[in-house]
Amino acid sequence: MYLICCFLLAKAVLDNNPPKTYMHLHLKLKKLQMEEERLATVERDNRILLEKMSAIMCTGGRIDNTNDYEQKSLNKTKRQRELLRVTHENQAILKRISSKEPHYNHMQWEDEWLVNQQYMGNISKYPVHWKNHKGPLGSIDSKRPIQSSKQPSNKDDTTQQAR
């Protein structure tokens with residue numbers, strides 16, 4: 001019997017009660033203050049807009065939107081002088097370039113190129129157009145001379161070219 005009484009009177013070692021609730025954690029006064037300030041700002045802005053709209057409705061909404069001012073630049077004259085100076089310099093350079101005789105002679109270059117082409121033809125293993133000239137059996141016809149496009153092959157071609 002003693003054990004039953006001890007068992008009934010025994011207290012729990014673990015605390016099974018819910019934790020204490022603190023009102024400052026649930027109420028959040030700072031958040032409420034911030035919300036009130038935001039609402040006050042919105043109300044003030046709405047009131048200002050309403051006053052502006054009522055003023056527009058009363059006056060008919062006429063506004064002055066003309067711009068009667070000229071743009072003033074403090075360095076406009078300096079920029080114009082600089083532009084004028086650069087233009088004169090460019091014209092002088094263009095005059096010098098156009099009056100100068102060319103240093104290179106393109107006709108001499110053409111003649112040297114033709115001479116080099118002849119040298120290359122002399123030292124090459126195959127003729128210039130050896131792929132295009134086939135013999136009767138499809139082989140390369142080495143007996144037939146290659147005619148260049150510059151020189152005519154017979155007398156009739158020269159008379160046609162002269163006409």
Side-chain angles (χ1 to χ4, degrees), residues 1-134 138 140 146 148-150:
M1 197 56 151
Y2 173 74
L3 288 175
I4 294 175
C5 285
C6 286
F7 181 73
L8 292 176
L9 294 177
K11 291 187 176 181
V13 176
L14 295 176
D15 184 14
N16 291 335
N17 295 331
K20 293 180 181 178
T21 58
Y22 300 103
M23 286 311 294
H24 70 277
L25 294 177
H26 293 289
L27 191 55
K28 298 184 181 176
L29 294 175
K30 185 65 175 180
K31 185 175 180 182
L32 290 174
Q33 180 187 3
M34 298 285 284
E35 184 68 22
E36 286 178 7
E37 288 176 1
R38 190 182 68 81
L39 288 175
T41 305
V42 168
E43 287 294 326
R44 184 178 54 84
D45 291 344
N46 285 343
R47 184 180 44 80
I48 291 170
L49 284 174
L50 184 62
E51 288 174 1
K52 287 180 181 179
M53 287 175 58
S54 65
I56 289 172
M57 294 298 286
C58 292
T59 61
R62 293 183 197 100
I63 57 171
D64 181 21
N65 60 353
T66 59
N67 295 328
D68 293 333
Y69 60 91
E70 294 182 16
Q71 291 183 349
K72 297 178 185 176
S73 177
L74 298 177
N75 62 348
K76 182 178 180 181
T77 56
K78 182 179 178 183
R79 283 189 290 115
Q80 287 177 342
R81 283 194 309 254
E82 183 69 18
L83 179 64
L84 191 61
R85 183 187 63 81
V86 169
T87 305
H88 287 304
E89 285 179 5
N90 287 343
Q91 287 175 352
I93 291 171
L94 178 64
K95 186 177 179 182
R96 284 199 317 262
I97 290 173
S98 60
S99 66
K100 179 74 176 160
E101 291 296 322
H103 182 68
Y104 297 110
N105 185 358
H106 66 89
M107 298 300 289
Q108 181 184 357
W109 281 4
E110 183 72 28
D111 294 340
E112 289 174 359
W113 172 250
L114 291 175
V115 170
N116 284 336
Q117 288 291 96
Q118 288 178 351
Y119 290 156
M120 287 173 47
N122 290 342
I123 64 172
S124 65
K125 184 174 182 179
Y126 296 107
V128 177
H129 301 287
W130 69 276
K131 291 182 183 177
N132 298 334
H133 298 287
K134 304 271 182 179
I140 298 173
I146 297 174
S148 68
S149 61
K150 300 279 183 187

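Everything numeric in this text was worked out from a predicted model, so none of it was measured.
In this structure, Arg47 CZ and Glu51 CD are separated by 5.0 Å, a value rounded to the nearest 0.5 Å. Taking CD of Glu110 as the start and CG of Asn105 as the end, the distance is 11.0 Å to the nearest 0.5 Å. In this structure, Leu84 CG and Thr77 OG1 are separated by 12.5 Å, a value rounded to the nearest 0.5 Å. Going from atom OG of Ser54 over to atom CG of Leu49 covers 10.5 Å, rounded to the nearest 0.5 Å. The line from NE2 of His26 to NZ of Lys28 is 9.0 Å long, rounded to the nearest 0.5 Å. Atom NZ of Lys76 and atom CZ of Arg81 lie 13.0 Å apart (nearest 0.5 Å).
When all heavy atoms of Asn75 and Ser73 are compared, the pair lying nearest together is OD1-OG, 3.0 Å. Between Leu32 and Leu27 the shortest heavy-atom distance is CD1-O, 3.9 Å.
Here the side chains of Lys95 and Gln91 are not in contact, with every heavy-atom distance at 4.5 Å or above. A 4.5 Å side-chain heavy-atom check between Met34 and Lys31 finds every atom pair outside the cut-off.
For the pair Glu82 and Arg85, the salt-bridge criterion is met [side-chain N within less than 4.0 Å of a carboxylate O].
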